[in-house]
4 protein chains.
Amino acid sequence: MSSKKHPEPPAPAVRRVPSQRPGPAGGKRDQNRRRRLAELCDAALALFLERGIEAVTIDEIARAAGMAKGNFYRYVEDKRDLVDALIAPVAAAIDAAMDRCEASTDAATDVAGLNAAYMRLALDLLQVYIAHRDLVRLYLQEARVPGVGARAPVAELEQRVTARTIALTRVAHEHALLAKIPPEVSALAVIGATERLLLAHLRDGIFEDEAQIATSLVRMVMEGITG
Amino acid sequence: MSSKKHPEPPAPAVRRVPSQRPGPAGGKRDQNRRRRLAELCDAALALFLERGIEAVTIDEIARAAGMAKGNFYRYVEDKRDLVDALIAPVAAAIDAAMDRCEASTDAATDVAGLNAAYMRLALDLLQVYIAHRDLVRLYLQEARVPGVGARAPVAELEQRVTARTIALTRVAHEHALLAKIPPEVSALAVIGATERLLLAHLRDGIFEDEAQIATSLVRMVMEGITG
Amino acid sequence: MSSKKHPEPPAPAVRRVPSQRPGPAGGKRDQNRRRRLAELCDAALALFLERGIEAVTIDEIARAAGMAKGNFYRYVEDKRDLVDALIAPVAAAIDAAMDRCEASTDAATDVAGLNAAYMRLALDLLQVYIAHRDLVRLYLQEARVPGVGARAPVAELEQRVTARTIALTRVAHEHALLAKIPPEVSALAVIGATERLLLAHLRDGIFEDEAQIATSLVRMVMEGITG
Amino acid sequence: MSSKKHPEPPAPAVRRVPSQRPGPAGGKRDQNRRRRLAELCDAALALFLERGIEAVTIDEIARAAGMAKGNFYRYVEDKRDLVDALIAPVAAAIDAAMDRCEASTDAATDVAGLNAAYMRLALDLLQVYIAHRDLVRLYLQEARVPGVGARAPVAELEQRVTARTIALTRVAHEHALLAKIPPEVSALAVIGATERLLLAHLRDGIFEDEAQIATSLVRMVMEGITG
DNA sequence: TATGAATGAGGATTCATTCAT
DNA sequence: GATGAATGAATCCTCATTCAT
């Protein structure tokens, strides 16, 4: 599996495809390649959601994107690279939200400031979810399987998100915003609950009303589930 | 040319891996069979946990179990079949626990009875977890990916567990044991939180103290996470 | 374990070897396809004649055709499919000859007309033989083995030829063109004698003079073999 | 395919299995092994007729004979060896009939003597057919495919039968018993016609009345098929 | 650029044959 | 003798990747 291109752990991060391309960045050429890449991403996303990243063939993706297999490699190096490109926007948005939250908590001088930072984070992540439903679903479906091969980028994102969430929770904990529960526990519990609800909604279409989920979730977080 | 698959009428279709094996059930032969199958399961489980079900080769499994590739097929029909055999004990135990809980809730005449049933379920599932840590971890890692190919049995189990949990929660909800939150929501939230914590523990070794997780989880479920 | 084959619902089932190929029918691409397929057929035919259809490996065929194993499947779905493509021209020609003969006998109003029809059939089949000596030899060699697997198309052809020949003979019989011998018997006897002679010629190179065979055959059919 | 045991052309003819066995020839031991071998032959014959020699697995044969696969090799060296044992009686009987006919023709001093010899041959062969219908059918089905692998013994028999028949016919021809047709031609024509009729009878069950076939065949040989 | 042909490594599966019990 | 477990070579088929056009 992971023999040449991606030596798994190290991840040298040499993207040769996207760089060194003719034409100015933003010119006709550049536009075109962006469009093609987007088409690839769209096609791949649909297939990945349906059958899982590993089971989908490069040929299938290319054909679903309306291009020949050989052309695939013009826009992307690998299936892994495609997954990378696919989740890049979500990863960037999440990282940005986390960055902002971290900055805010660092700068916060009182409990109110901290709370505001967390609230802001929640809203930012909500925006990500709204803007990238299918990508979020892909993340939810694939993030827990060992990050081997093409799934690596997803697993990496998951690790980063988890670690940063725990770190942020630790701050809240230190400021006594949370019950006497280890911050890792509460962080993971909230993440887990949220993710499970989103998955049920996105994959299985269980809830009609998204707002309802959010409200219930907040309430559970605040008060528990017992009557 | 013909483009459709050719049916081949004759095909005597001898069951490989037949249930009816020579020797009495429990005899030397039968024992050996079981042991070999167990070895396969053990070897496979380790590999599956490390790299994901899809990425693992039958040849690798066989070799890890100390047997030649061809021998694999004496004990199991498929990778999928192996996964089936692998999770069978957990599936059975979970189903049994759910059955018992359903029976108890059906028979319960008051709130105390209901609560006892749920508590019992929690303890039963805890036993499953204790007895099958690695299998539970496999389940947690793989259950959310679309159930295609060898992963199908896991996905099926996930669906069953989810559905039954929601059904049981609905009963609790109807008896006003829970806050005014849709039962699907609270069920999935608890499942999600629990699973995420278990995964962190089993896969990433985050918590030293398992009891701590349980306690915290219960508290969060009862009271929320805020201080 | 499960013992039955797992259906796998999704399976997008992309037709390999699709009829709809890029480029116009007759263009460069199409030409190339046909040539490659022809090369496969040629290589396969030689091997089949030498060692029998069953004993020949797909890899051998591909290599003999000067291509890599994997490429085989671009042009043909199966070994069976290849056999299908291989005998298609003969099958078509034979069927056409039979069709024509049937039409003629249907339209015939007198014995002369009937005789002309049969003579015409003989000449048509002779043309087939001349145009496809090796394929006829393949047919002769393989037609009698049970039509399992890749040999199926040959067996099917044999059945069709036999049935139609008997039907045509029956017509002749009804018009008293033949001795008081059941039409099935005389039909099969002639088929058998002819095929055996052709096989001896094509496979074992027994006769130098093809015309001699034909003449003798006709004479035997007309008068028997005794002096 | 034909790599170690049977180097195809040479055929060293070392049968190690049947020789060097404990017990006297004819004793309990010997009886037993004959019975087992016969069971193998019967089972194999049925399968061979149904699906062709090549397509049948050794495991299938053994199991159909009610023994374990490993036991197969106790009685027979190979599938080829089994085929050898299978057709041995027919081969021996045919050879004997041919031997006798050759001797008679050699000793014959007049045409009547020759005719008697041929008639005797025909009757002898008829006996063979009657005594070994299924084996004759197997021969008819398999004899024309190149004698590679397990089919070799059948192909060898075919060659011998053909050659000897032609030789005998040549004698008849030299004594002007036959029309002015090359003896190879008439020999093969009769063989071909006969074999085709037998195959139709044995495999496809076309004729109810065997005697009818024989009568018709003789008549055709003597007088041709035309009215 | 775009296409699909070509390659070959890799993985699943079967099966003849050997062996320990 | 009998059994079926074990082995590994052989074969089918797929698919990522490269290339010529």
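By convention in this document, chain letters (A, B, ...) are assigned in the order of the sequence lines, proteins followed by strands, and residues within each chain are numbered from 1. What you see is a predicted model, and the numbers here were worked out from it, not measured in a lab. These numbers come from the heavy atoms of this one structure, side chains and all, not from hydrogens, waters or symmetry mates.
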Participant: Output the rounded distance in Å from CZ (D:R80) to P (E:dA16).
Facilitator: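 D:R80 atom CZ is separated from E:dA16 atom P by 16 Å.
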Participant: Between B:A68 and C:F72, which has a closest nucleotide on DNA chain F that is more 5'?
Facilitator: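 Looking at the nearest nucleotide for each, B:A68 comes out on the 5' side.
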Participant: On DNA chain F, nearest-nucleotide positions of D:N32 versus C:V56: which is more 5'?
Facilitator: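 In this pair, the answer is D:N32.
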Participant: May I ask you to evaluate whether D:Y75 reaches the phosphate of F:dA2, defined as a side-chain N or O under 4.0 Å from OP1 or OP2?
Facilitator: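 Answer is yes, contact under 4.0 Å.
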Participant: Examine E:dA6: is either OP1 or OP2 under 4.0 Å from a nitrogen or oxygen in the side chain of C:R36? Give yes or no.
Facilitator: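 Yes, C:R36 has a side-chain N/O under 4.0 Å of OP1/OP2 on E:dA6.
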Participant: Output yes when D:R80 and D:D84 qualify as a salt bridge under the 4.0 Å nitrogen-oxygen rule, no when they do not.
Facilitator: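 Salt bridge between D:R80 and D:D84, a charged N being under 4.0 Å from a carboxylate O: no.
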Participant: Between B:Y73 (OH) and F:dT7 (P), how many Å, whole number?
Facilitator: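 Distance check: B:Y73 OH to F:dT7 P gives 15 Å.
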Participant: For a 4.5 angstrom cut-off between non-hydrogen side-chain atoms, does C:V145 reach C:I53?
Facilitator: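 Sidechains of C:I53 and C:V145: no contact.
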Participant: Do B:L37 and B:R33 touch side chain to side chain, with heavy atoms closer than 4.5 Å?
Facilitator: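 No; the side chains remain at least 4.5 Å from each other.
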Participant: Rounded to whole angstrom units, what separation is found between the CD atom of A:E54 and the P atom of E:dG10?
Facilitator: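 Rounded to whole Å, this separation is 17 Å.
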Participant: Is the shortest side-chain N/O distance from D:R33 to OP1 or OP2 of F:dG1 below 4.0 Å?
Facilitator: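 So the side-chain polar atoms of D:R33 do come within 4.0 Å of the phosphate oxygens OP1 or OP2 of F:dG1, strictly under.
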Participant: Are A:R36 and A:E39 within salt-bridge range, i.e. N to O under 4.0 Å?
Facilitator: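 Yes, this pair counts.
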Participant: Report the nucleotide, chosen from E:dG4, E:dT7, E:dG11, that has the shortest atom-to-atom distance to any side-chain atom of B:T57.
Facilitator: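 From the listed options, E:dG11 comes nearest.
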Participant: Between P on E:dC19 and CZ on D:R74, what's the gap in Å once rounded to a whole number?
Facilitator: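 Nearest whole value for this atom pair: 13 Å.
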Participant: Under a 4.0 Å threshold between the charged nitrogen and the carboxylate oxygen, would D:E54 count as salt-bridged to C:R151?
Facilitator: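 A salt bridge is absent here (no side-chain N lies under 4.0 Å from a carboxylate O).
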Participant: Under a 3.5 Å cut-off for both contacts, is F:dT21 paired Watson-Crick or G-U wobble with anything, and if yes, with which nucleotide?
Facilitator: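 Its partner is E:dA2 (Watson-Crick or G-U wobble, both distances under 3.5 Å).
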Participant: The side chain of B:N71 lies closest to which of these nucleotides: E:dG4, E:dA2, F:dT7?
Facilitator: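 The answer is F:dT7, which lies nearest to the side chain.
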Participant: Within this structure, what is the CZ-to-P distance between D:R35 and F:dG1, rounded to whole angstrom?
Facilitator: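 Taking atom P of F:dG1 as the reference, CZ of D:R35 is at 11 Å.
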Participant: For the side chain of C:K69 and the base of E:dG10, is some donor closer than 3.5 Å to an acceptor across the two?
Facilitator: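 Checked by distance alone, the answer is yes.
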Participant: Expressed as a whole number of angstroms, how long is the span from D:D78:CG to E:dC15:P?
Facilitator: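 Answer to the nearest Å: 16 Å.
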Participant: In whole Å, what is the span from the CG atom of B:D59 to the P atom of F:dG8?
Facilitator: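 In whole Å, F:dG8 P lies 11 Å from B:D59 CG.
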Participant: Going by purine N1 to pyrimidine N3 plus the second Watson-Crick contact, or the G-U wobble pair, all under 3.5 Å, which nucleotide sits opposite F:dA16?
Facilitator: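 Across all strands, the one nucleotide that pairs with F:dA16 is E:dT7.
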Participant: Write down the distance between CZ (C:R63) and P (E:dA9), rounded to a whole number of angstrom.
Facilitator: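 Taking CZ of C:R63 and P of E:dA9, I get 10 Å after rounding.
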